[in-house]
Amino acid sequence: MSPAPLPVARTLEALRRQVAAWRAAGDRVAMVPTMGALHDGHLSLVNLARTKADRVVASVFVNPTQFAPHEDFDAYPRDEARDASLLAQVGCDLLYAPTVDVMYAQGFSTTVTVSGVSEPLDGQARPTHFAGVATVVTKLLLQCGPDVAVFGEKDYQQLQVIKRLVADLDIPVEVVGAPTARAADGLALSSRNAYLTADERAKAPTLAAALRRAAERLRAGDPVDAVEAEGRAALEAAGFGRIDYFEARGAADLARLGPGPINGEARLLAAAVMGKTRLIDNLAV
């Protein structure tokens with residue numbers, strides 16, 4: 001028996017009306033913000049959210065402000081009916097699917113910028129990206145007012161940016177990071193994996209393998225600079241084109257580590273282009 005169609009809120013008023021009704025009933029509310037094109041990784045976030053709250057709202061909004069002009073905003077996959085069906089199957093209670101006009105009304109002129117954790121890595125490779133992310137996530141959290149919000153660790157730097165803005169702006173929400181969902185061959189699940197050709201898809205798991213090898217070497221006490229160089233070389237040998245970064249960073253503040261061995265909590269982060277597709281991944285050390 002298929003689940004009932006998932007209710008959809010397209011306006012701020014409809015979203016807040018439903019959340020208020022749940023709160024009146026004493027329910028705890030979780031939110032899972034997404035850009036749609038859902039896969040098992042997104043659904044794992046919903047499943048985790050269900051263990052943290054009585055009701056789960058998933059948002060689907062392809063946010064134009066986090067794409068640079070040369071990036072894939074127009075090509076980014078969109079299929080709301082499919083997304084809604086998948087969300088219903090895992091027990092989501094409401095889909096929030098605002099239009100651009102709802103999120104950015106005429107005259108909108110505010111940007112949320114988080115310094116520090118947003119500046120290295122993707123902050124350098126995609127200079128406008130995190131201001132767009134921080135602004136839209138701030139709006140979504142204020143619009144919904146959830147008790148808990150779940151984000152994937154695959155976008156690890158994004159997760160740290162969101163934790164920082166929530167703390168700095170005193171937004172009353174618990175931010176939960178969910179483990180990265182992976183295919184059987186180790187490739188981190190991503191909506192952009194759909195862009196890969198069959199040959200590129202076969203090569204793409206080298207990214208995760210290089211991170212695993214690097215983590216093993218760092219745990220063994222090898223110097224950061226040598227480990228990073230080996231990781232970049234492995235990606236080049238596998239057929240990756242541009243490598244934006246393959247670096248060990250402090251797990252909380254993303255501060256640069258090395259050149260010698262690490263001596264605290266670290267995170268390996270990588271971004272590289274296979275064909276026309278930019279892939280990102282990370283691993284705890």
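Model, not experiment: these values are computed from the prediction. Every heavy atom of this structure was used, including side-chain atoms; hydrogens, water molecules and symmetry mates were not.
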J.: Under 4.0 Å between a Lys/Arg side-chain N and an Asp/Glu carboxylate O for Asp40 and Arg182?
T.: no
J.: Using modelled atom types only, decide if a donor and an acceptor are shared between the side chain of Asn63 and the backbone of Gly132 within a distance under 3.5 Å.
T.: yes
J.: Output, in order, the C-alpha distance, side-chain angles, deciding distance and verdict of salt bridge (Lys or Arg N to Asp or Glu O under 4.0 Å) for Glu153 and Arg267.
T.: CA-CA 11 Å; Glu153 287 186 351; Arg267 198 91 184 184; 3.3 Å; yes
J.: Can you give me the closest heavy-atom contact between Ala248 and Arg256, atom names plus distance?
T.: O-NH1, 3.7 Å
J.: If Ile, Leu, Val, Met, Phe, Trp and Tyr residues are connected whenever their side-chain heavy atoms lie under 4.5 Å apart, and connections chain through other members, are Ile280 and Leu189 in the same group?
T.: no
J.: When rounded to the nearest 0.5 angstrom, what is the spacing between CD in Gln124 and OH in Tyr245?
T.: 10.5 Å
J.: Verify side chain to side chain contact (heavy atoms under 4.5 Å, CB included) between Tyr76 and Ser191, making sure each step is shown before the conclusion.
T.: CA-CA 8 Å; Tyr76 198 85; Ser191 301; 3.4 Å; yes
J.: Does any part of the side chain of Pro77, heavy atoms only, come nearer than 4.5 Å to the side chain of Tyr195, both counted from C-beta?
T.: yes
J.: With sequence neighbours excluded, give me every ring pair (Phe, Tyr, Trp, His ring centres under 6.0 Å) pair touching residues 14-42.
T.: His39-His42
J.: Which pairs count as ring pair (Phe, Tyr, Trp, His ring centres under 6.0 Å) when at least one residue sits in residues 121-179, sequence neighbours excluded?
T.: none
J.: Please determine whether side chain to side chain contact (heavy atoms under 4.5 Å, CB included) holds for the pair Val148 and Met31, giving the CA-CA distance in whole Å, both sets of side-chain angles, and the decisive distance to 0.1 Å.
T.: CA-CA 6 Å; Val148 59; Met31 186 176 206; over 6 Å; no
J.: Rounded to the nearest 0.5 Å, how far does CG of Leu86 lie from SG of Cys92?
T.: 11.0 Å
J.: Which residues pass the salt bridge (charged side-chain N to carboxylate O under 4.0 Å, His left out) test with Arg249, sequence neighbours left out?
T.: Glu247
J.: Would you give the length of the straight line joining atom CZ of Arg232 to atom CD of Glu228, rounded to the nearest 0.5 angstrom?
T.: 8.5 Å
J.: Quick check: do Tyr104 and Pro64 have side-chain heavy atoms less than 4.5 Å from each other?
T.: yes
J.: Which pairs pass salt bridge (charged side-chain N to carboxylate O under 4.0 Å, His left out) with one or both residues in residues 106-125, sequence neighbours excluded?
T.: Asp122-Arg278
J.: Do NZ/NE/NH1/NH2 and the carboxylate oxygens of Arg28 and Asp54 come within less than 4.0 Å?
T.: no
J.: Any sub-3.5 Å donor-acceptor pair from Ser85's side-chain atoms to Ala81's backbone N or O?
T.: no
J.: Report the hydrophobic cluster partners of Ile262, with the cluster defined as I, L, V, M, F, W, Y residues connected by side-chain heavy atoms closer than 4.5 angstrom, directly or transitively.
T.: Leu187, Leu196, Leu207, Leu211, Leu218, Val224, Val227, Leu235, Phe240, Ile243, Phe246, Leu257, Leu268, Met274, Leu279, Leu283, Val285
J.: Give a yes or no on whether Val114 and Val133 share a hydrophobic cluster (residues Ile, Leu, Val, Met, Phe, Trp, Tyr; joining criterion: side-chain heavy atoms under 4.5 Å apart).
T.: yes
J.: Check salt bridge (charged side-chain N to carboxylate O under 4.0 Å, His left out) between Lys154 and all other residues, then give those that pass, not counting sequence neighbours.
T.: none
J.: Check Ala53 against Val29 and note the closest heavy-atom contact, atom names and distance.
T.: CB-C, 3.7 Å
J.: Identify the two heavy atoms, one from Arg23 and one from Gly145, that lie closest to each other, and give their separation to 0.1 Å.
T.: NH2-O, 2.5 Å
J.: Any link between Leu141 and Val161 through a network of hydrophobic side chains (Ile, Leu, Val, Met, Phe, Trp, Tyr) touching at under 4.5 Å?
T.: yes
J.: Counting C-beta onward and ignoring hydrogens, is there a side-chain heavy-atom pair between Leu254 and Leu269 closer than 4.5 Å?
T.: yes
J.: For residues Leu95 and Ser59, report the shortest heavy-atom separation together with the two atoms involved.
T.: CD1-C, 4.4 Å
J.: Rounded to the nearest 0.5 Å, how far does CG of Leu43 lie from CG of Leu87?
T.: 6.5 Å
J.: With no hydrogens and no angle check, is any side-chain donor or acceptor of Glu71 less than 3.5 Å from a backbone partner on Ala68?
T.: yes
J.: Taking only Lys NZ, Arg NE, NH1 and NH2, and the carboxylate oxygens of Asp or Glu, determine whether Asp185 and Arg201 approach each other closer than 4.0 Å.
T.: yes
J.: Is there side-chain contact between Thr128 and Phe67, with heavy atoms separated by less than 4.5 Å?
T.: no
J.: Could you tell me whether Asp72 and Lys276 make a salt bridge, using a distance below 4.0 angstrom between a side-chain N and a carboxylate O?
T.: no
J.: Can you check whether Arg10 reaches Val8 side chain to side chain, under 4.5 Å on heavy atoms?
T.: yes
J.: Quick check: closest heavy atoms across Val56 and Val32, and the distance to 0.1 Å?
T.: CG1-CG2, 4.2 Å
J.: If we ignore hydrogens and angles and just use 3.5 Å, is the side chain of Glu200 paired with the main-chain N or O of Thr197 as donor and acceptor?
T.: yes
J.: Are Val137 and Val117 in one and the same hydrophobic cluster, where Ile, Leu, Val, Met, Phe, Trp and Tyr link if side-chain heavy atoms are under 4.5 Å apart?
T.: yes
J.: Are Val102 and Val136 connected in a single hydrophobic cluster, I mean Ile/Leu/Val/Met/Phe/Trp/Tyr linked by side-chain heavy atoms less than 4.5 Å apart?
T.: yes
J.: Roughly how far apart are Thr110 OG1 and Lys139 NZ, rounded to 0.5 Å?
T.: 8.5 Å
J.: With a 4.5 Å limit on heavy-atom distance, are the side chains of Leu94 and Leu6 in contact?
T.: no
J.: Between CZ of Phe73 and OG1 of Thr65, what distance do you get to the nearest 0.5 Å?
T.: 9.5 Å
J.: Can any side-chain N or O of Thr135 pair as donor or acceptor with the backbone N or O of Val112 at less than 3.5 Å?
T.: yes
J.: Do the side chains of Met35 and Val60 get nearer than 4.5 Å, heavy atoms only?
T.: no
J.: Determine the minimum heavy-atom distance between Ala14 and Ala9, stating which atoms define it.
T.: CB-CB, 3.9 Å
J.: Does the side chain of Gln143 come within less than 4.5 Å of Leu15's, by heavy atoms?
T.: yes
